[in-house]
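Notes follow the structure.
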Amino acid sequence: MKLNKKSASEASQKIIDWGESEGLITCFERAEKMKPCPIGETGACCKVCHMGPCRLVGRNAEKEVTGVCGATVSTVAARNLLRMVAAGTAAHSDHARSMAITLLAVGEGKTSDFEIKDPAKLKRMAEILDIPHEGKEIKELAREVALKLLDDFSRREGVVNYAKRAPQKTQERWKKWGILPRSIDREVVEAMHRTNMGVDHDPDHLLLHALKTSLADGWAGSMMSTDITDVLFGTPKPVRAEASFGIFKEDEVNLVVHGHEPTLAEAILDVVSEPEMVEYAKSRGAKGINLGGMCCTANEVLMRHGIPTSGGFTNQELGVMTGLIDAISVDVQCIMPAIVELSKKFHTKVITTSEKAMTKGATHVPFDEHHAREAARKIVRIAIDNYPNRTKKGKFVQSDKWPVIAGFSHEYIEYMQGGRWRASFRPLNDAIMAGRIRGVVGLVGCDNPRVPSTGLFRYLAMEFIKQDVLILTTGCGANAYGTAGYLTPETALEQAGPGLREVCEAIGIPPILHLGACVDNSRILTIASAMAAEGGLSDEIGGMPAVGIAPEWMSEKAIAIACYFAASGVPVIFGGGGSPVGASREVTEIMTKTWYERFMGSLHFEPDPENILNLALEYIDKARAYLKLKKYEPGRFGTERVLMDMAARRELEKAAKPHLGIG
Ligand code: NFS
């Protein structure tokens, strides 16, 4: 795979080029100038005390070099990785805490800005949590569910509630290796304690705690966040939307919601259609208010309401440079501080909203779930007031947009395989068993300016679907596919291998399914558990022909996700730059071999995209052999590939629509 550009997206590259000609600095240029520190990059820098920072480098460092206290390279690398997992888990789970607090506020009647949109899902949650719901008032049930889930943050002993959703065999592995998480805060605090100077020094022991902490993220924080968000704002089902910078409108107020927690974005969504707000926008010369998304908030509102997305992480500065964004409302996580300074060169207002996350120079509008619409109205007014301040700067970049189909909640994926009365994972399992679908790959995580941004996503997706591998995507990976035009059923017809194409056509789905934000990786855990329960494949998550890949990762949250997939039994491959544990062969072996022996999952760091592809296919075929499934044969299924004209394509589109329940 060769790509000499900074971004694989034509629209993004166009803005990068224009910005460079204007002397505007973005992450792409900063990434070129700021090379990664070669010591820190491989995990060999220890700065947990002030006798250092110690740099554990040199020939034969793994055997001969230690820090001042005597810590080896392996101890240091494992400790650093555990700290990343703790930070990633803390981020997802603090987001989850806000969601649980919002659910509690709804249950206790302390906010009138939100309500229960999916009571049936709330009841399903209650059943999992052993809370009787017969005859109970829905708000009371919301209160009880919220309180029980909030216990998952602070329980001293015991196990997080949702661990029991995993297949029995998967749970047994966790029990055997002592990694069943007690509660989120407890595991994160213990991770920080163990990595404090002079505490835990055994790399394997440290890494087991990395898995334990990450399971508190995947099977508690992230999973409850997904569930509560569905309950409050609706469980996604397929929607049509659009992606890329072309979503911005010249004659409307463009307001972008960026960050992660969907509560504020949902409130803004309610407010922008209020007649007085629309009138106010008109009084300022705009035709209306156009809401767009960025990063994971984009995924949240795209999945549920079809709000268009302007892209993932590396698009945030470029969005400002279109000169068309009147305000960006941000909350927490993945917000580049650079957008505040950059926005001053345009007219864009950056609005921070969380008491946890402020940036000097931004406008702060405090938000809390009890007075959500009040804050939302303030934000929308700031955007409207700023509309007349637009200049011509950057305006030329009005670019294309792509159609997107998103909204594949695990509930919908199950439903679409059999309808209301026969919803199941049987057809998917059967397709895998027969070899129509070779396997499933989760292509998820960040986009990254250190590689041709979104390029690795594009390359891998096309290669996998050609080889009949179904793709599940979340986070900025989903944004990358949206802005590439890959999230449509047509992609299946044009690019997928014959077996996968047959399945996609029969069900009416794209070969790349958008499952939501990064916290919604928990949906993949739920799907894998359902596939195990369905029978015919593995009876645990481990052993499934499935692989997780984050080809362009950069965030600590991605590492936490990788670890909970590995602990759950999924081999995971991370691409992009170097390995954050590359300094230690011992740690690398534990994560790739020992974890696989214990959990059937692993974590590899592999910078070469072709190697990622081959390793993933190797894992998939190995799993097929382990399950004694038919050997995958390319081209065995499906009919002869036909080149389609527009009329034929339209016919197919029509046929696909009813299955998708849209349009
Ligand atoms: Ni995930 Fe979402 Fe994107 Fe990476 Fe950041 S927005 S939580 S961390 S950059 S995928």
Side-chain angles (χ1 to χ4, degrees), residues 7 9 12 26-28 31 84-85 87-96 98-99 214 217-218 221-223 225-226 229 243 256-262 265 292-303 309-319 328-339 354 356-357 406 442-451 453-454 456-457 460 472-483 514-524 548-565 572 574-577 580:
S7 171
S9 149
S12 299
T26 63
C27 62
F28 295 95
M84 292 176 94
V85 171
T89 300
H92 283 147
S93 303
D94 220 27
H95 163 173
S98 298
M99 298 311 302
S214 74
D217 177 351
S222 287
M223 199 171 275
S225 182
T226 297
T229 310
V256 170
V257 284
H258 171 19
H260 284 78
E261 295 176 6
M294 181 80 74
C295 285
C296 275
T297 302
N299 292 321
E300 299 275 9
V301 287
L302 176 87
M303 291 282 284
T309 174
S310 50
F313 178 70
T314 58
N315 267 11
Q316 55 190 290
E317 290 170 298
L318 308 181
I328 305 185
S329 167
V330 304
D331 53 19
V332 289
Q333 303 169 25
C334 301
I335 296 138
M336 288 191 198
I339 56 169
S354 165
K356 296 170 201 158
L443 261 160
V444 302
C446 328
D447 51 329
N448 191 328
R450 289 222 178 269
V451 295
S453 175
T454 71
L456 304 192
F457 278 106
L460 288 168
L472 309 179
T473 186
T474 59
C476 288
N479 276 311
Y481 291 130
T483 52
H514 185 336
L515 268 61
C518 267
V519 286
D520 295 326
N521 280 312
S522 65
R523 294 193 202 276
I524 302 179
I549 302 177
E552 303 187 19
W553 77 282
M554 61 84 200
S555 166
E556 291 165 319
K557 287 179 286 177
I559 295 287
I561 294 169
C563 287
Y564 72 63
F565 272 104
V572 177
F574 269 34

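Bear in mind that the values here come from a model prediction, so they are computed numbers and not experimental data. Numbering of ligands and ligand atoms starts at 1, following listing order. Counting begins at 1 with the first residue of the sequence.
- Within the protein, the number of N, O or S atoms lying under 2.8 Å from atom 4 (Fe) of ligand 1 is 1.
- Summarising the geometry, atom CG belonging to Leu302 is positioned 11.5 Å from atom SG belonging to Cys296; distances are rounded to the nearest 0.5 Å.
- Interatomic distance, NE2 of His92 versus CE of Met223, reported as 13.0 Å (0.5 Å rounding).
- Looking from atom 6 (S) of ligand 1 to the surrounding protein, the closest heavy atom is His260 NE2, 3.2 Å.
- Two residues are said to be in side-chain contact when any heavy atoms from C-beta on lie closer than 4.5 Å; Pro551 and Leu443 meet this criterion.
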| said: For a side chain to side chain donor-acceptor pair (under 3.5 Å) check, start with the C-alpha distance between Lys557 and His260, then their side-chain angles and the critical distance, and finish with the verdict. | reply: CA-CA 12 Å; Lys557 287 179 286 177; His260 284 78; 3.2 Å; yes
| request: Please report the C-alpha distance between His258 and Gln316 in whole Å, then the side-chain angles of each, then the deciding distance to 0.1 Å, and finally whether the side chain to side chain donor-acceptor pair (under 3.5 Å) criterion is met. | output: CA-CA 8 Å; His258 171 19; Gln316 55 190 290; 2.9 Å; yes
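- The CD1 atom of Ile549 sits 11.0 Å away from the OG1 atom of Thr473 when rounded to the nearest 0.5 Å.
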